[in-house]
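First up is the structure itself, then whatever we jot down about it.
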Amino acid sequence: MSASPTSICAYYAEQECFSTLRERIYRWIKDHKGDWSIGEVANVLRLDKSTVSGRINELLAAGALVEAPHRKDHITGRACRPVQVAS
């Protein structure tokens, strides 16, 4: 059984959307020096945390971002795993 043309188009449209979000998130982190938590990025860019988390994980896997030392989130005060642009 093969995928319908509509399903294939939807898949590629979703991938393009993720690519655009990855670029937007990466550019914002790069332009705003320092380290940023998922929640902080989501709050500033007005995106869902789950969306930001997925794109940050992709950027980490690609080596574009690296983990920074753990600290408290500036919004919630809870421990977080911030990221920053790879050197």
Side-chain angles (χ1 to χ4, degrees):
M1 182 175 181
S2 64
S4 72
T6 304
S7 295
I8 293 169
C9 286
Y11 171 80
Y12 285 108
E14 183 176 273
Q15 294 307 307
E16 183 176 335
C17 178
F18 287 160
S19 175
T20 303
L21 284 172
R22 268 193 310 271
E23 291 171 16
R24 181 176 170 205
I25 290 166
Y26 177 77
R27 262 188 269 121
W28 191 89
I29 292 172
K30 185 177 181 185
D31 291 346
H32 297 85
K33 308 283 187 232
D35 60 56
W36 299 93
S37 73
I38 290 167
E40 293 162 351
V41 173
N43 184 58
V44 171
L45 296 179
R46 298 178 189 247
L47 297 169
D48 289 334
K49 283 184 181 181
S50 61
T51 299
V52 173
S53 176
R55 304 305 68 82
I56 283 179
N57 285 332
E58 292 168 357
L59 290 162
L60 285 165
L65 298 178
V66 295
E67 287 190 28
H70 288 73
R71 63 165 172 79
K72 289 187 177 184
D73 185 283
H74 294 127
I75 297 169
T76 65
R78 299 176 77 182
C80 70
R81 171 192 75 138
V83 296
Q84 60 192 21
V85 173
S87 308

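Under a 3.5 Å cut-off, the side chain of N57 and the backbone N or O of S53 do form a donor-acceptor pair.
Scanning for salt bridge (charged side-chain N to carboxylate O under 4.0 Å, His left out) contacts around R27 gives E23, with sequence neighbours left out. Checked against side-chain contact (heavy atoms from CB on, under 4.5 Å), D35 has the following partners two or more places apart in sequence or in another chain: A68, R71, P82, Q84. The salt bridge (charged side-chain N to carboxylate O under 4.0 Å, His left out) search around D73 returns none, not counting sequence neighbours. In this structure H74 satisfies the ring-ring contact (aromatic ring centres under 6.0 Å, His included) test with no other residue, sequence neighbours excluded. For H32, the side-chain hydrogen bond (donor to acceptor under 3.5 Å, both in side chains) partners are W28, not counting sequence neighbours.
Summarising the geometry, atom SG belonging to C80 is positioned 8.0 Å from atom NE2 belonging to H70; distances are rounded to the nearest 0.5 Å.
In this structure, the side chains of L47 and L21 come closer than 4.5 Å at one or more pairs of heavy atoms. R81 places a side-chain heavy atom less than 4.5 Å from the side chain of I38.
In this structure, L59 is not a member of the same hydrophobic cluster as V66, with clusters built from ILVMFWY side-chain heavy atoms closer than 4.5 Å. Hydrophobic clustering, with ILVMFWY side chains joined whenever heavy atoms are under 4.5 angstrom apart, groups I56 together with L45.
Residue pairs satisfying the salt bridge (charged side-chain N to carboxylate O under 4.0 Å, His left out) criterion with at least one member in residues 43-52, sequence neighbours excluded, are absent.
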